[in-house]
Each structure stands twice: as structure tokens, then as C-alpha cells.
Number of protein chains: 2
Amino acid sequence: MGRRGLTRSEIIDATWDLAAQRGLAAVTMRSVAEQLDVTPMALYRHIGDKQGLLDGLVERLHGEIPIPDAALPWRERLTLLAGGIRAVARKHPDLFPLLFHRPAVTPAAQRPRETAYAALREAGLAEDDVVRAERLLSTFILGFAASEAGGRFGRLDAEAEYAYAAGLIEMILTK
Amino acid sequence: MGRRGLTRSEIIDATWDLAAQRGLAAVTMRSVAEQLDVTPMALYRHIGDKQGLLDGLVERLHGEIPIPDAALPWRERLTLLAGGIRAVARKHPDLFPLLFHRPAVTPAAQRPRETAYAALREAGLAEDDVVRAERLLSTFILGFAASEAGGRFGRLDAEAEYAYAAGLIEMILTK
DNA sequence: ACCTGAACACCGTTCAAGT
DNA sequence: ACCTGAACACCGTTCAAGT
């Protein structure tokens with residue numbers, strides 16, 4: 001005990017490790033503080049309250065989404081992006097629903113979005129449609145990934161469903 | 001105190017009222033028990049554990065979705081169904097994300113789904129496509145409603161986004 | 001400015017006991 | 001069979017105090 005120089009990013013690091021290893025339920029002010037060898041109250045100055053801890057997790061979650069190589073064809077970039085988001089959902093099923101609870105305006109959230117914008121522009125969409133289509137795609141992918149990771153799909157074949165959806169989206173983008 | 005003849009549905013009723021009036025955070029074993037004038041431990045025999053309480057809320061949430069008149073044209077039925085789901089999300093923003101966490105296999109979940117099936121059949125889809133399209137639509141609507149109610153869309157115009165999505169879906173269904 | 005110690009008002013759940 | 005009482009092992013957060 002008695003540490004000094006605690007920083008926000010150090011706290012969020014510890015929070016992320018705890019969540020990744022022992023699940024969201026294991027993330028408490030007390031457990032995070034213990035991991036950092038400080039008292040729970042030491043956290044408040046740096047992260048506000050527990051919601052601040054969760055906001056940090058949302059940032060990290062966005063940062064986990066792999067950004068596909070810009071040299072690849074746009075279709076492949078979109079497919080890889082969607083696949084990456086599903087993979088994040090499967091790896092962090094309990095954290096993933098947090099993405100619905102905050103506007104995706106942080107820098108970490110911007111990178112996947114800009115990647116999608118660029119791909120949709122290359123696909124030939126008008127600038128207005130690019131923004132709308134990105135929201136449609138991200139909403140669908142988020143809903144799909146959350147359904148899959150959360151168990152809403154039950155025992156059914158998510159892969160076949162995903163292929164069907166991808167086919168229709170492909171049709172829209174190349175109409 | 002000292003009540004007898006406690007039933008599951010009575011417990012879920014009290015849970016729903018509490019959640020609707022004071023939010024999901026106010027739903028605790030203790031607060032539900034207090035509302036029913038029993039001790040918290042009396043609930044366990046009837047609902048299992050706290051997850052059982054939440055499962056009850058998911059049922060009620062499905063039951064809140066208004067079922068459109070079967071005599072209406074299929075397009076209108078789908079539009080009304082989607083609008084009804086969004087309305088439920090807006091009315092119960094904190095409860096709504098619970099829908100992602102359980103397979104939608106309860107009787108209450110079946111009614112909206114059967115309504116969508118019937119409309120999609122009338123739209124002329126093959127039986128296999130009816131099932132897949134329903135999942136696509138429900139996933140999108142759920143993701144959209146959760147984004148809107150949870151705040152992921154931030155200050156942007158959800159209505160314009162919804163209209164854009166509806167237009168594309170319309171295009172798919174009548175391709 | 002930054003961290004601690006003690007306290008407050010809560011949680012879900014188990015277990016033995018009562019009727 | 002059904003409910004209670006007491007207890008256990010936790011929570012987030014406030015507030016005054018220390019350095």
C-alpha cells in the first residue's frame with residue numbers, strides 16, 4: 001500500500017485485465033483497487049465513479065477490433081471488419097453489450113468507423129449514403145454479434161444466418 | 001409478514017412493476033420481497049435465483065410488443081411490429097438489453113415472431129427465406145432499438161436512419 | 001494534490017430452524 | 001411444503017483525516 005502517481009490509464013489497464021480474465025462481474029472498485037495495491041477510494045479522483053471504469057472498458061473494446069489492411073479490396077475489408085467485431089463479441093461476451101450504452105464518439109470508436117466509410121466510398125456510394133450505410137451495417141453487426149454472444153440465437157446455426165445476411169447486404173451495396 | 005401461497009406469476013408481477021416504475025437497478029431480491037410482504041428467502045423456492053427474476057422480465061417485455069391486426073396488408077403489419085418494438089425499447093431502455101441474453105423461445109416471444117413469419121410469407125418469400133429473413137429483421141430491429149434506447153446513436157437523427165434502413169429492407173423484400 | 005480508514009447503506013445467497 | 005431469522009461475504013460511495 002501507499003502507492004503514489006496512480007494514473008487513469010493504469011487503472012483502466014487493470015480493469016481490462018480483470019474483466020478479460022474473470023469477467024465483468026469480477027470488476028468492482030474494490031477488486032481493481034486491490035490489483036493496483038491501493039484503497040478503493042484512491043480510484044475516484046482518477047476515474048470519477050464506477051461508470052468511468054466501464055467507459056474505459058468500452059474504449060478498450062473498440063480498440064480490440066482489428067483494422068484490415070487498406071490495400072485489400074473494399075468487400076474484403078468490410079468482411080474482415082465484420083468478422084473482427086464478431087470475434088471481439090465472442091471473446092468478451094459479457095463486455096460486448098456495453099457498446100450499446102454509450103455514443104461511439106471516442107477516438108477508439110472512430111477507427112473502425114472510418115475504415116467502413118472508406119470501403120463504402122470505394123463501393124461507389126454517395127457521401128450521404130456512406131454515413132447512413134455505415135450506421136446500418138454497424139447496427140446490424142452489433143445486434144448480430146450481441147445476439148450470438150449473448151445467447152439469443154440459442155442453438156441455431158449463426159453461421160448460416162450470417163451468410164444469408166451478408167448476401168443481402170452485398171446485394172444492396174452493389175445494386 | 002407471514003403470507004402464504006406465494007406464486008411465481010405474483011412475484012414476476014411485482015418485479016415488473018418495480019422495474020417499470022423505478023428502473024432495473026431498483027429490482028433486488030430484497031425490494032421485490034418487501035413489495036410482497038415476505039422475506040427475500042421466500043422468493044427462492046419460486047423463482048430459483050435472481051436470474052429467474054430477470055427471465056420473468058424478459059417474458060413480460062416480449063408480451064409488451066403490440067401484435068398488429070392480421071387483416072392489415074403485410075407491409076403495414078411489419079412496420080407496425082417494428083414500431084412497436086422500438087416503442088417498447090424507448091419505454092423500458094434499461095430492461096430492453098435483457099432481450100439479447102436469452103434465446104427467444106418462450107411462448108411470449110413466439111407471438112411477435114409468428115406475426116413476422118406470416119407477413120413474410122404473404123410477401124412471397126420461400127419458407128426457408130421466411131425464417132432467415134425474420135432473424136435478420138429481428139436482429140436489426142433489436143440492435144437498432146437497443147442503440148437508440150441505450151444512447152449509442154448519440155444526438156443524431158435516429159428517425160432518418162430508420163427510414164433509410166426501412167427503404168433498403170423494403171427493397172430486399174420486394175426484389 | 002493524492003491517498004487512507006472508518007463508516008453507511010446496501011447487495012445475493014446459504015443454512016438451520018420454525019410451522 | 002413453505003416461510004423466517006440470522007448470518008456470511010460481499011457491494012459503491014461519502015466524509016474526515018492524514019501526508
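Order of the sequence lines sets the chain letters (A, B, ...), proteins ahead of strands, with each chain counted from 1.
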- Note on the structure: When both distances are under 3.5 Å in a Watson-Crick or G-U wobble arrangement, the nucleotide paired with D/dA17 is none

- Message: With a sphere of 6.0 Å drawn around CZ of A/Arg22, does it hold more than 12 non-hydrogen atoms of other residues, nucleotides or ligands?
- Response: no

- Query: With nearest nucleotides of DNA chain C determined for A/Gly5 and B/Val27 from heavy-atom distances, which residue corresponds to the more 5′ nucleotide?
  - Reply: A/Gly5

- Query: Side chain of A/Arg30: nearest nucleotide among C/dG12, D/dT13, C/dC3?
  - Reply: D/dT13

- Message: Please report the distance, rounded to the nearest Å, between CD1 in A/Ile11 and P in C/dC2.
- Response: 11 Å

- Query: Hey, would you say the B/Phe144 and B/Phe153 ring centroids sit under 6.0 Å apart?
  - Reply: yes

- Partner of D/dC8 under the Watson-Crick or G-U wobble criteria, both distances under 3.5 Å, comes out as C/dG12

- Could you state the atom-to-atom distance from CG of A/Leu36 to C1' of C/dC3 in whole Å? 13 Å

- When you check the phosphate oxygens OP1 and OP2 of D/dC11, does a side-chain N or O of A/Thr28 lie under 4.0 Å from one of them? yes

- Item | Passing option when B/Glu59 is tested against B/Arg102, B/Arg111, B/Arg8 for salt bridge (charged side-chain N to carboxylate O under 4.0 Å, His left out) | B/Arg8

- Item | Atom-to-atom span, CD of A/Glu34 to C1' of D/dC11 - whole angstrom | 14 Å

- CG of B/Leu18 versus P of C/dC11: gap in Å, rounded? 10 Å

- May I ask you to establish whether B/Arg86 and B/Tyr162 are in a cation-pi arrangement, using a distance under 6.0 Å from NZ or CZ to the six-membered ring centre and at most 45° from the ring axis? yes

- Message: Looking only at the side chain of B/Val38 (C-beta and beyond, no hydrogens), which of the listed nucleotides C/dT13, D/dT4, D/dT13 gets closest?
- Response: D/dT4

- Specify the separation, in whole Å, of atom CE of A/Met41 and atom P of C/dG5. 8 Å

- Task: Let me know the distance between CG of A/Leu54 and P of D/dC11, rounded to the nearest Å.
- Result: 15 Å

- Message: Counting only side-chain heavy atoms from C-beta out, which of D/dC2, D/dG12, C/dC3 sits nearest to B/Arg45?
- Response: D/dC2

- Whole angstrom is fine here: how far is it from CG in B/Leu43 over to C1' in C/dC11? 14 Å

- Listed nucleotide nearest any side-chain atom of A/Lys50, set D/dT13, C/dC3, C/dT4: D/dT13

- What are the two closest heavy atoms between B/Gly52 and B/Ile12, and how far apart are they? O-CD1, 4.1 Å

- Message: Tell me the interatomic distance from B/Leu53, atom CG, to C/dC11, atom P, rounded to whole angstroms.
- Response: 13 Å

- Message: Whether B/Tyr44 contacts C/dT14 is assessed here as follows: a side-chain N or O lying under 4.0 Å from the phosphate OP1 or OP2. Is that the case?
- Response: no

